[in-house]
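Worksheet: one structure, shown below.
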Amino acid sequence: ILKKEWLDVTRPGVRQERGHLHPLTQITRDIIAIFSSMGFDVAEGPEAETEQYNFDALNIPADHPVRDMWDTFWIKGDDTQKRDERLLLRTHTSPVQIRYMETHQPPIRIIVPGRVYRYEATDASHDVQFMQVEGLMADTNVSVANFKAVIQTFLSQLFQPSPAPSTRTLV
């Protein structure tokens, strides 16, 4: 009886897989991989942004409702701050495009994935923080046809029948 139940305690154990990537991390990596394969770079920027980059440089008027406290998380500063130095949690990833264009000349081909923050009532489908991805493609011969081709390629690859094996692995 003991021979049938014998266990070799010197044999290495079988490694147990633990954890996995968060779904947002997985989809963000998939999006980055798809756009990278089409020649896009990934641009990143600060989540705590200045009013200048978040609104003014994007031609959003000072009296526009998105600047209102109900839409924007303002970071309290001292009373000596100039208007363009006031900080907030970015409400979109567009300020990263402005920062990128300040240091790069066309042709530009970037995507900007990242967290954004908006003061909203939370429920099962809304939160104050969410992920956004936007792109910018600027060159002398870029047209709506390019946009259509890029979006079609992106969507067909993102929604392919099986996930890309390189991004869906355990860590």
- Spatial distance of atom CD1 (Ile151) from atom CG (Leu158) [nearest 0.5 Å]: 11.0 Å
- Item | Aromatic plane relationship, Phe73 with Tyr119 - under 30° parallel, 30 to 60° tilted, over 60° perpendicular | perpendicular
- Heavy atoms only: give me the nearest Ile27-Leu24 pair and the separation to one decimal. CG2-O, 3.4 Å
- Query: Could you state the interatomic distance from CD (Gln105) to CG (Asp139), rounded to the nearest 0.5 Å?
  - Reply: 11.5 Å
- How many angstroms lie between OG1 in Thr103 and CD1 in Ile98, if you round to the nearest 0.5 Å? 11.5 Å
- Check: Phe35 and Arg109 side chains under 4.5 Å, non-hydrogen atoms: no
- Message: As an exercise, state the distance from NZ of Lys148 to OG of Ser143, rounded to the nearest 0.5 Å.
- Response: 11.0 Å
- Does the side chain of Leu89 reach to within under 4.5 Å of the side chain of Trp74, using non-hydrogen atoms? no
- Message: Starting from Val128, can I reach Leu87 by hopping between I/L/V/M/F/W/Y residues whose side chains sit under 4.5 Å apart?
- Response: yes
- Message: Please report the interatomic distance CZ(Arg90) to CZ(Arg118), rounded to the nearest 0.5 Å.
- Response: 11.5 Å
- Query: Any chance CG of Asn141 has more than 12 other-residue heavy atoms, nucleotides or ligands included, within less than 6.0 Å?
  - Reply: no
- Please check if the side chain of His92 supplies one atom and the backbone of Asn54 the other of a donor-acceptor pair under 3.5 Å. yes
- Please answer: with hydrophobic residues joined when any side-chain heavy atoms are less than 4.5 Å apart, are Met137 and Val144 in the same cluster? no
- Item | For the student: nearest non-hydrogen atoms of Val42 and Pro113, plus distance | CG1-CD, 3.7 Å
- Query: For His64, which residues count as a side chain to side chain contact (heavy atoms under 4.5 Å, CB included) partner, sequence neighbours excluded?
  - Reply: Ile60, Pro61, Val66
- Query: How about Tyr53 and Gln97: do any of their side-chain heavy atoms sit closer than 4.5 Å?
  - Reply: no
- Query: Do Glu120 and Asp127 have side chains that get closer than 4.5 Å, going by heavy atoms?
  - Reply: no
- Please report the closest heavy-atom contact between Ala138 and Pro106, naming both atoms and the distance. O-CB, 3.7 Å
- Closest heavy-atom pair and its distance - Glu134, Ser94: OE2-OG, 3.0 Å
- OG on Ser156 to CD1 on Ile34, rounded to 0.5 Å: 8.0 Å
- Message: Working note: Ile75 + Leu88, criterion side chain to side chain contact (heavy atoms under 4.5 Å, CB included); need CA distance, chi angles, decisive distance, verdict.
- Response: CA-CA 5 Å; Ile75 298 172; Leu88 56 111; 5.5 Å; no
- Item | Nearest atoms (heavy-atom pairs only) where Phe40 meets Leu136 | CE2-O, 4.2 Å
- Taking it one step at a time, do Thr91 and Asp71 satisfy side-chain hydrogen bond (donor to acceptor under 3.5 Å, both in side chains)? CA-CA 8 Å; Thr91 58; Asp71 297 312; over 6 Å; no
- For Ala43, which residues count as a side chain to side chain contact (heavy atoms under 4.5 Å, CB included) partner, sequence neighbours excluded? Val96, Tyr100, Ile110, Val112
- Query: Taking Glu51 for the side chain and Arg86 for the main chain, is one N or O donor matched with an acceptor at less than 3.5 Å?
  - Reply: no
- Note on the structure: salt bridge (charged side-chain N to carboxylate O under 4.0 Å, His left out) pairs touching residues 40-50, sequence neighbours excluded, are Glu47-Arg115, Glu49-Arg99
- Over all atoms of both residues, closest heavy-atom pair of His126 and Ala121: CB-O, 3.7 Å
- Query: Do other residues, nucleotides or ligands put more than 12 heavy atoms under 6.0 Å from the CZ atom of Phe147?
  - Reply: no
- Query: Would a 4.5 Å heavy-atom cut-off, applied to side chains only, mark Val116 and Gln129 as touching?
  - Reply: no
